[in-house]
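Written out below as structure tokens is the structure these notes cover.
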2 protein chains.
Amino acid sequence: MKTLTERQQEILDFIRQRQESEGMAPTLREVATHFRFSSVNAALAHVQALLAKGVLKRVPRRARSLQVVDAGPSARRRPRVVSVPIYGSIPAGRPEDAAQEAEGCVLMDVETLGIRPTARTFGLQVRGDSMIGKHITDGDIAIIEHGVQPRSGDVVAALIDGQVTLKTFVLQRGKPYLRAENPRYPDLIPQEELQIQGVMVALVRKRK
Amino acid sequence: MKTLTERQQEILDFIRQRQESEGMAPTLREVATHFRFSSVNAALAHVQALLAKGVLKRVPRRARSLQVVDAGPSARRRPRVVSVPIYGSIPAGRPEDAAQEAEGCVLMDVETLGIRPTARTFGLQVRGDSMIGKHITDGDIAIIEHGVQPRSGDVVAALIDGQVTLKTFVLQRGKPYLRAENPRYPDLIPQEELQIQGVMVALVRKRK
DNA sequence: TCCAGTACTGGACAAATAAACAGCACTGTG
DNA sequence: CACAGTGCTGTTTATTTGTCCAGTACTGGA
């Protein structure tokens, strides 16, 4: 593929962005307006250059027919996005019962999360610094996959006293316990049954 | 939501299908052609009915502006997703020059990232532990917003010796320098101009 | 029978849009 | 200097598209 000029790359990015966020490709006029061209033709020229270089497709004489050719690796994988609800705390019971109390939502592609598309997944806003040893800080969102068998060393969301906390799941001599990754917090040896809500598969941190 | 007539459901399905497969919504004439209407107006009437019932959105007087309202759980919040390209390392020059060399992609919603939808954003796979003090570990993906003025304390991607590294941007007595969040790494006081690629707005960590 | 709702035809019109043509300014190169 | 490439302006033309108006046909009540 031929290289694009800086300006052409900007135009291409804009078109891609618009198509992804608005669901439809921009018109030449919208491109021109966004880049403050006073002539549509400037946009047209760029689009034609992108067309010639094969990074854009179009149906001639059709409104909004621009399509970014993502011919590369992302052409085949269709971006399967899942909407992950975020909870600040999860009350007793199954997490899906609390679906209405989601505090927010993160949309991420299945690929990145590395989960099964069928999996029940939710986000958990981390409170405190009990997992600081694994570099999980206050305010981070832990993406938890429900219904997975945890392995030793996995970070899991566990139900303790009606509250969900993040801990490291450790198997020692066949017996499981939960370890906090901060010396100021005690380990938890379960008296009865260990209630694991799910295993952390990803972490998202936002700028405050 | 009011119930749809059989015909209306067919029309709605067609519009959804076209948008998903072609990447753009059909025009009224395309709808009419597909259903073998000899008048555009038949399609218009149906579309208006769907509009009235709230299952379809549109921008008036705009070509191909139909959008199916996904009645699902994510109905209210419009999931504006952006496709963030991920670079392992960025060679010398501006990041957009290396667009073709993206190693992967993360799809995330604009809401979570807290960026302007028009912004140029990219992901940077973190190498090493020079930012461990801010709990950014090897393998993390830093989401960088390009073209933003960094403030003191922000984590930024900076261009040093043709390589992009993550550092904390610090303004001390009006003079900027870059701080590594690890005592084993030295601070960087720029000799000439400080090349800031962008400011970190979010962090994504995948389970390995 | 009358009426209302749904489904469609046919035609006309204005706005939105793509496309083409003629330029101008700037930059680097031989 | 001439020349080519890039980036942009300004204008015109043809097509596409959304919208409106008037009318037909069928259906199922009241």
Side-chain angles (χ1 to χ4, degrees), chain A residues 1-16 18-19 22-69, chain B residues 1-16 18-19 22-69 93-94 96-97 99-100 120 147:
Chain A
M1 184 169 68
K2 294 173 188 172
T3 52
L4 305 180
T5 68
E6 190 182 346
R7 204 64 168 140
Q8 284 167 3
Q9 185 63 51
E10 281 180 36
I11 309 255
L12 184 64
D13 286 344
F14 171 70
I15 294 172
R16 193 205 325 261
R18 268 305 250 284
Q19 174 146 34
E22 309 282 321
M24 57 192 184
T27 65
L28 291 182
R29 262 159 203 83
E30 285 168 2
V31 174
T33 303
H34 182 264
F35 289 98
R36 303 192 182 282
F37 298 161
S38 67
S39 170
V40 209
N41 226 351
L44 176 63
H46 281 122
V47 164
Q48 283 174 335
L50 292 169
L51 247 41
K53 291 182 180 178
V55 294
L56 257 188
K57 259 193 325 182
R58 86 170 327 174
V59 185
R61 297 189 172 269
R62 266 205 150 52
R64 300 180 187 278
S65 62
L66 291 175
Q67 288 218 246
V68 178
V69 176
Chain B
M1 183 171 65
K2 293 173 187 172
T3 52
L4 305 180
T5 68
E6 195 179 340
R7 203 64 167 142
Q8 284 166 2
Q9 187 63 52
E10 282 179 37
I11 309 257
L12 184 64
D13 286 344
F14 170 69
I15 294 172
R16 193 205 322 261
R18 267 304 252 282
Q19 174 147 34
E22 309 281 320
M24 57 191 185
T27 65
L28 291 182
R29 266 159 197 85
E30 284 169 3
V31 174
T33 304
H34 181 263
F35 289 98
R36 303 191 183 283
F37 299 160
S38 66
S39 169
V40 210
N41 225 350
L44 176 62
H46 281 121
V47 164
Q48 283 174 336
L50 292 169
L51 249 39
K53 291 183 179 176
V55 294
L56 209 55
K57 259 193 326 182
R58 86 172 325 177
V59 185
R61 296 188 173 271
R62 265 206 151 51
R64 301 180 186 277
S65 63
L66 291 174
Q67 288 217 243
V68 178
V69 175
R94 289 173 297 273
E96 55 265 45
D97 291 346
Q100 292 85 1
R120 254 179 297 163

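Bear in mind that the values here come from a model prediction, so they are computed numbers and not experimental data. In what follows, every chain begins at residue 1, and chains take the letters A, B, ... in the order their sequences are listed.
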**Study point:** Whole-Å distance separating the CD atom of A:Gln8 from the C1' atom of D:dG5
**Key:** 11 Å
Practice item. Check the distance between D:dC8's P and A:Glu6's CD and give it to me in whole angstrom. Key: 11 Å
Review point. Nearest heavy-atom pair of B:Val40 and B:Leu28: which atoms, and what distance?
Key: CG1-CB, 3.5 Å
Exercise for review: Please work out if A:Leu28 contacts a base, only the sugar-phosphate, or nothing of the nucleic acid, heavy-atom cut-off 4.0 Å.
Suggested key: sugar-phosphate
Practice item. Round to the nearest Å and state the distance from A:Arg64 atom CZ to C:dA16 atom C1'. Key: 9 Å
Practice item. Let me know the distance between CZ of A:Arg62 and P of D:dT15, rounded to the nearest Å. Key: 14 Å
Review point. Just checking A:Arg7: base, sugar-phosphate only, or nothing, at a heavy-atom cut-off of under 4.0 Å?
Key: sugar-phosphate
Check your understanding: Hey, does the side chain of A:Thr27 come within less than 4.0 Å of C:dA16's phosphate (OP1/OP2), counting only N and O?
Key -> no
Check your understanding: How many Å lie between CG on A:Leu44 and C1' on D:dT12, as a whole number?
Key -> 14 Å
**Study point:** Atom pair distance, as rounded to whole Å: CZ in B:Phe35 and C1' in C:dT6
**Key:** 15 Å
Practice item. May I ask you to test the B:Glu30-B:Met24 pair for a side-chain heavy-atom distance under 4.5 Å? Key: no
Point to revise | Integer-rounded Å distance: C:dT6 P and B:Phe37 CZ | key: 15 Å
Exercise for review: May I have the distance from A:His46 (atom NE2) to C:dA19 (atom C1'), rounded to whole angstrom?
Suggested key: 17 Å
Point to revise | Below 4.0 Å: OP1/OP2 of D:dT9 and any side-chain N or O of A:Ser38 | key: yes
